[in-house]
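From a predicted model like this one, the values you see are computed outputs, not experimental measurements. Chain naming here is simple, since letters A, B, ... match the order of the sequence lines and numbering starts at 1 in each.
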Protein chains: 2
Amino acid sequence: MNIIEINKVLSNKVRIDILDWLKDMESNFPPQINVPNFNNGVCVCHIQDKTGLSQSTISHYLTMMHKVDIVIATRIGKWTYYKRNEKVIKEYIKLLQSTL
Amino acid sequence: MNIIEINKVLSNKVRIDILDWLKDMESNFPPQINVPNFNNGVCVCHIQDKTGLSQSTISHYLTMMHKVDIVIATRIGKWTYYKRNEKVIKEYIKLLQSTL
DNA sequence: TTATCATATCGATATATATCGATATATAGC
DNA sequence: GCTATATATCGATATATATCGATATGATAA
């Protein structure tokens, strides 16, 4: 848990937006899969579509976000699904509160 | 109040440290002035001494911090004193909480 | 096993940030 | 008006970040 590194990742509008969209995947993204109770998040391509940035850029963003642990990545078949890591996000806010 | 810009400013250890030191100026800095109830903060040179970075760098850091309003600057004579802007810092944390 | 698709990584380039020393500005004291 | 002092700004250079297209990797399907 490194505040500086997380702040760097959160110094970009698109990355903040992605985190926000992932709060409500059903309304922000097309349905992922015909599996009930699928709970692994959203695939890279859907996130890419929504931002309009290149595939490599979005993949890079999501890798950054994963490195500081604010998202959880799950590979299923050829897809990688990303969802919020609520635990770490909460911890980050708490740490920020006590640090600032 | 721009989260992205504040996050950029807070993506640096020294700037986070400065904000932390300013929580307790009496113990972190030499006495400022022989005026009782002096409440305008700490001058640039004392902050510079503590960091060991160049005067221009620290002045630049404090200017950045002032631009996003997390510190208050007061010019008295040839000195500029900086202190925390508690109101904005609180607002920032609140906004972050509701955004993330 | 080959072709296809989703994602990750690479390499390049443009832009931003970090940091310094030098210079400018503003104030105070002589 | 000069001089000294504190701070801000400027200009330069090094490093980091943003972003893309191209390529590599890994999985599925034909």
Rounding to a whole Å, what distance do you find between [X]:[atom1] and [N]:[atom2]?
| X | N | atom1 | atom2 | answer |
| --- | --- | --- | --- | --- |
| B:H66 | D:dT7 | NE2 | P | 15 Å |
| A:M64 | D:dA18 | CE | C1' | 9 Å |
| A:K67 | D:dT17 | NZ | P | 11 Å |
| B:I16 | C:dA18 | CD1 | C1' | 16 Å |
| A:I47 | C:dT7 | CD1 | P | 9 Å |
| B:H60 | D:dA6 | NE2 | P | 22 Å |

Worksheet item: Side chains of B:S56 and B:S59: is there a donor and an acceptor less than 3.5 Å apart?
Response: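 No, B:S59 and B:S56 have no side-chain donor paired with an acceptor closer than 3.5 Å.
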Practice prompt. Step by step, work out the side-chain contact (heavy atoms from CB on, under 4.5 Å) result for B:F29 and B:D49.
Written response: CA-CA 9 Å; B:F29 298 101; B:D49 286 351; over 6 Å; no
Practice prompt. Under the side-chain contact (heavy atoms from CB on, under 4.5 Å) rule, collect the residues that match up with A:I72, sequence neighbours excluded.
Written response: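 With neighbours one apart ignored, the set is A:T74, A:K83, A:N85.
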Practice prompt. Sequence neighbours left out, what passes salt bridge (Lys or Arg N to Asp or Glu O under 4.0 Å) with B:K87? Give chain and number order.
Written response: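 Salt bridge (Lys or Arg N to Asp or Glu O under 4.0 Å) list for B:K87, sorted by chain: B:E91.
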Practice prompt. Can you sort out the partners of B:K8 under salt bridge (Lys or Arg N to Asp or Glu O under 4.0 Å), two or more places apart, ordered by chain and number?
Written response: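 Scan of B:K8 (salt bridge (Lys or Arg N to Asp or Glu O under 4.0 Å), adjacent residues dropped) gives B:E5.
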Discussion item. Can you see if the side chain of A:R15 gets near the phosphate of D:dA18 - specifically, an N or O under 4.0 Å from OP1 or OP2?
Written reply: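 So the side chain of A:R15 is within the cut-off, an N or O lying under 4.0 Å from OP1 or OP2 of D:dA18.
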Worksheet item: Between A:Y82 and C:dA6, does any side-chain N or O lie under 4.0 Å from OP1 or OP2?
Response: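 Looking at the OP1 and OP2 atoms of C:dA6, neither is under 4.0 Å from any side-chain N or O of A:Y82.
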Fill in: Complement of C:dA22, any strand, by Watson-Crick or G-U distances under 3.5 angstrom
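Here C:dA22 is engaged in a pair, and the nucleotide opposite it is D:dT9.
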Fill in: Contact residues, residues 5-13 of chain A to DNA chain D [heavy atom, < 4.0 Å]
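Heavy-atom contacts with DNA chain D come from A:K8, A:N12.
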Fill in: B:V9 and A:N7, any side-chain heavy atoms less than 4.5 Å apart
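Result no, sub-4.5 Å side-chain heavy-atom pair not found.
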Item to complete: Please lay out, stage by stage, how A:N28 and A:H46 fare under the test side-chain contact (heavy atoms from CB on, under 4.5 Å).
Response: CA-CA 10 Å; A:N28 288 308; A:H46 285 167; over 6 Å; no
Worksheet item: Tell me, which of residues 48-59 of chain A have any heavy atom that sits under 4.0 Å from an atom in DNA chain C?
Response: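 Close to the strand are A:Q55, A:S56, A:S59.
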Fill in: salt bridge (charged side-chain N to carboxylate O under 4.0 Å, His left out) contacts in which one or both residues fall within residues 11-23 of chain A, not counting sequence neighbours
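Qualifying pairs, neighbours excluded: A:K13-A:D17, A:D20-A:K23.
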